[in-house]
Participant: 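Just dropping this structure here.
Keep in mind that this is a model prediction, so the values were computed, not measured.
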Amino acid sequence: MEIVVVTHVQETVADQGAASAHLGELAGLLCEAGLSARLDLPIGRPPSLHVLNPAMPGLEEHVIIERGDRGDWWLWWGWAERIAPTHELDRAVDSIRRVLGATPPR
């Protein structure tokens, strides 16, 4: 019984590390695109990304990440709508910028 618990904890820590890495990469791209992004790493809960448009501070959203049925990672809006898989971060950036009313970078 203890081995199962330890294995589950190790898998959970590994998943959180992978999820955080994906979100961190997305945060960098969003910042380059003129948005502000903060990685939230709450204890005991999945990581998420808080994104806002500094030109319009009222426009902000949370992006969450979840592993799909096939083991791939997906980015989601807080209202449970998929944004894009993590291997399509450019698509995710475009969608997030559009929702937050960001103008294209110059």
Participant: In the structure I gave you, are the side-chain heavy atoms of Trp73 and Asp15 within less than 4.5 Å of one another anywhere?
Facilitator: yes

Participant: Looking at every non-hydrogen atom in both residues, tell me the closest pair between Leu41 and Ser20 and how far apart they are.
Facilitator: CD2-OG, 3.2 Å

Participant: Taking the side chain as every heavy atom from C-beta outward, state whether Glu61 and Leu100 have any atom pair closer than 4.5 Å.
Facilitator: yes

Participant: For the pair Ser95 (side chain) and Arg91 (backbone), establish whether a donor and an acceptor sit closer than 3.5 Å, ignoring hydrogens and angles.
Facilitator: no

Participant: Please say yes or no: joined through hydrophobic side-chain contacts below 4.5 Å, possibly via intermediate residues, are Leu26 and Leu52 part of one cluster?
Facilitator: no

Participant: Considering only residues two or more places apart or on different chains, which pairs with a residue in residues 28-71 satisfy ring-ring contact (aromatic ring centres under 6.0 Å, His included)?
Facilitator: His50-His62

Participant: Same cluster or not: are Leu59 and Ile83 linked, directly or through other Ile, Leu, Val, Met, Phe, Trp or Tyr residues, by side-chain heavy atoms under 4.5 angstrom apart?
Facilitator: yes

Participant: Find out if a path of hydrophobic residues (ILVMFWY) with successive side-chain heavy-atom gaps under 4.5 Å connects Leu89 to Val99.
Facilitator: yes

Participant: Decide whether Leu75 and Ile64 are clustered together by the hydrophobic rule: side chain heavy atoms of Ile, Leu, Val, Met, Phe, Trp, Tyr closer than 4.5 Å, transitively.
Facilitator: no

Participant: Could you pull out the closest heavy-atom pair between Leu49 and Ala27, with the gap in Å?
Facilitator: CD1-CB, 3.7 Å

Participant: Kindly give the heavy-atom pair with the smallest separation between Ala19 and Ile65, and that separation in Å.
Facilitator: CB-CG2, 3.6 Å

Participant: Looking only at heavy atoms, which two atoms of Ala84 and Trp74 are closest? And how far apart?
Facilitator: C-CE3, 3.4 Å

Participant: Say you draw a straight line from CD of Glu88 to CG of Asp94; how long is it, rounded to the nearest 0.5 Å?
Facilitator: 11.0 Å

Participant: If hydrophobic clusters are built from ILVMFWY residues whose side chains come within less than 4.5 Å, do Leu35 and Leu39 share one?
Facilitator: yes

Participant: Do Glu60 and Ser36 have side chains that get closer than 4.5 Å, going by heavy atoms?
Facilitator: no

